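Here is the structure we will look at.
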Amino acid sequence: PPPRPGGPWGGGGILATCDGLETRCAPASANYSVEHMPRSVKMVFLGYNEGKKILSGGKMTTCLGEDNPCRRAFIDRQGPHHPRYSWDPATVLYAILGAEKTFLEEQGVGGYNVIDKRTGNNRWVMGDGGSNQSYLELNGEGAAIRVGNMIDDLLCQGRRKNDSSSSRINKTMRIDSKVRRRRASSSRATTTTSSAAVINEL
């Protein structure tokens with residue numbers, strides 16, 4: 001359901017409480033960031049319940065090559081074939097493409113998110129239009145599946161062929177993997193020699 005004015009509300013990346021699902025919460029930082037953001041900067045939140053409906057990332061574990069660092073990181077976190085809730089990816093998607101192409105729409109325009117600096121609890125307060133904040137809701141039947149598929153389609157495109165930064169990351173990860181394998185099968189003295197040899201390959 002949409003957040004109730006004055007009621008508890010969880011924004012994307014800022015959970016309704018700092019217990020349970022997210023244990024590494026920084027309520028004071030979240031409070032400071034939102035309260036001190038210049039009014040000229042538009043802030044759009046995606047609520048906890050809405051983001052939890054959108055699943056993405058699972059397809060990336062099969063559509064990308066084994067050397068893709070995003071694929072590897074996602075598998076380390078979720079395991080293969082398992083999607084994840086999509087608060088941040090959906091918010092970024094909206095920021096890039098807007099409402100017409102993402103099946104998401106802004107609500108609560110002019111209201112604002114109030115975050116307790118001690119607990120992280122936050123609530124949406126309807127305002128008179130003086131703020132530059134709003135929150136997102138899914139728009140239309142099947143919107144959650146459509147948004148998740150859009151995110152997956154973008155993730156499965158992989159990196160561009162001329163993306164030299166990704167190439168450097170992949171090379172670094174391969175070297176790190178070699179060092180780890182050698183350390184696992186060698187003594188401490190041998191490990192030192194092997195690591196130096198791998199570094200020299202650069």
Side-chain angles (χ1 to χ4, degrees), residues 1-60 70 73-74 77-78 82-117 119-157:
R4 303 184 306 277
W9 189 77
I14 308 170
L15 301 183
T17 67
C18 289
D19 305 319
L21 188 64
E22 177 58 76
T23 58
R24 296 175 301 278
C25 186
S29 297
N31 168 276
Y32 183 90
S33 298
V34 171
E35 289 194 357
H36 290 80
M37 188 68 65
R39 185 162 293 185
S40 59
V41 177
K42 183 175 182 178
M43 287 189 285
V44 182
F45 300 89
L46 179 61
Y48 174 77
N49 290 330
E50 294 293 276
K52 196 173 180 180
K53 298 173 185 175
I54 306 168
L55 300 176
S56 66
K59 293 181 181 178
M60 182 172 59
C70 295
F74 196 88
R77 174 63 173 79
Q78 293 293 113
H82 294 292
R84 177 168 167 74
Y85 305 135
S86 306
W87 299 286
D88 294 343
T91 307
V92 171
L93 186 73
Y94 181 84
I96 296 172
L97 298 180
E100 294 183 2
K101 298 181 180 180
T102 57
F103 307 100
L104 292 162
E105 62 180 359
E106 288 186 49
Q107 299 288 348
V109 177
Y112 53 96
N113 193 8
V114 178
I115 303 170
D116 188 300
K117 66 176 64 177
T119 66
N121 293 346
N122 54 112
R123 57 192 176 90
W124 189 264
V125 177
M126 299 304 294
D128 57 4
S131 80
N132 199 8
Q133 299 183 30
S134 60
Y135 61 85
L136 296 177
E137 283 188 354
L138 292 161
N139 181 17
E141 185 177 354
I145 295 175
R146 293 179 178 181
V147 175
N149 287 339
M150 291 179 69
I151 296 171
D152 279 335
D153 288 344
L154 291 170
L155 292 174
C156 284
Q157 290 181 16

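Residues: numbered from 1 along the sequence shown. Remember, it's a predicted structure, so these values are computed and weren't measured experimentally.
In this structure, the side chain of His36 engages the main chain of Tyr32 through a donor-acceptor pair within 3.5 Å. In this structure, Asp152 contributes its side chain and Gly57 its backbone to a donor-acceptor pair below 3.5 Å. A donor-acceptor contact shorter than 3.5 Å links the side chain of Asn122 to the backbone of Gly120.
Remark: Leu55 pairs with Pro83, Tyr85 by the side chain to side chain contact (heavy atoms under 4.5 Å, CB included) rule, at least two apart or across chains. With sequence neighbours excluded, the residues satisfying side-chain hydrogen bond (donor to acceptor under 3.5 Å, both in side chains) with Ser56 are Ser86. Partners of Cys70 by disulfide (SG to SG under 2.5 Å), not counting sequence neighbours: none found. Remark: Lys101 pairs with no residue by the side-chain hydrogen bond (donor to acceptor under 3.5 Å, both in side chains) rule, at least two apart or across chains. Lys52 is linked by a side-chain hydrogen bond (donor to acceptor under 3.5 Å, both in side chains) to Tyr48, counting only residues two or more places apart in sequence or in another chain.
We find the SG-CE distance between Cys156 and Met60 to be 8.0 Å, quoted to the nearest 0.5 Å. The CE atom of Met37 sits 5.5 Å away from atom CE of Met43, with the distance rounded to the nearest 0.5 Å. Summarising the geometry, atom CD1 belonging to Ile54 is positioned 10.5 Å from atom CH2 belonging to Trp87; distances are rounded to the nearest 0.5 Å. Once rounded to the nearest 0.5 Å, the distance linking CG of Asn49 with CD of Glu137 reads 10.5 Å. Here the straight-line distance linking atom CG of Asn132 with atom OH of Tyr112 works out to 15.0 Å at 0.5 Å rounding. Taken to the nearest 0.5 Å, the CE atom of Met126 stands 8.5 Å off from the CD atom of Gln107.
Counting heavy atoms from C-beta on, the side chains of Pro27 and Lys117 never come closer than 4.5 Å. Between Leu138 and Val147, the closest side-chain pair of non-hydrogen atoms falls below 4.5 Å. Residues Glu50 and Tyr135 form no side-chain contact, since every pair of their non-hydrogen atoms from C-beta on lies 4.5 Å or further apart. Contact annotation: the side chain of Leu93 approaches that of Leu154 to within less than 4.5 Å [non-hydrogen atoms, C-beta and beyond]. Taking the side chain as every heavy atom from C-beta outward, Asn113 and Ile115 approach each other to under 4.5 Å. Val34 places a side-chain heavy atom less than 4.5 Å from the side chain of Gln133.
With Ile151 as the partner, the side chain to side chain contact (heavy atoms under 4.5 Å, CB included) test is satisfied by one option alone out of Asp153, Leu155, Asn149: Leu155. Shown are Asn139, Leu136, Val44; of these, the side chain to side chain contact (heavy atoms under 4.5 Å, CB included) with Leu104 is made only by Leu136.
Identified under the salt bridge (Lys or Arg N to Asp or Glu O under 4.0 Å) test for residues 27-39, with sequence neighbours left out: none.
Nearest approach of Phe74 to His82, heavy atoms of both residues: CE2-O, 3.1 Å.
Environment of CG in Leu97: crowded, with over 12 heavy atoms of neighbouring residues, nucleotides or ligands closer than 6.0 Å.
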Open item on the list: salt bridge (Lys or Arg N to Asp or Glu O under 4.0 Å) for Lys42 and Glu106? Distances and angles first, verdict last.
Closed with: CA-CA 12 Å; Lys42 183 175 182 178; Glu106 288 186 49; 2.8 Å; yes
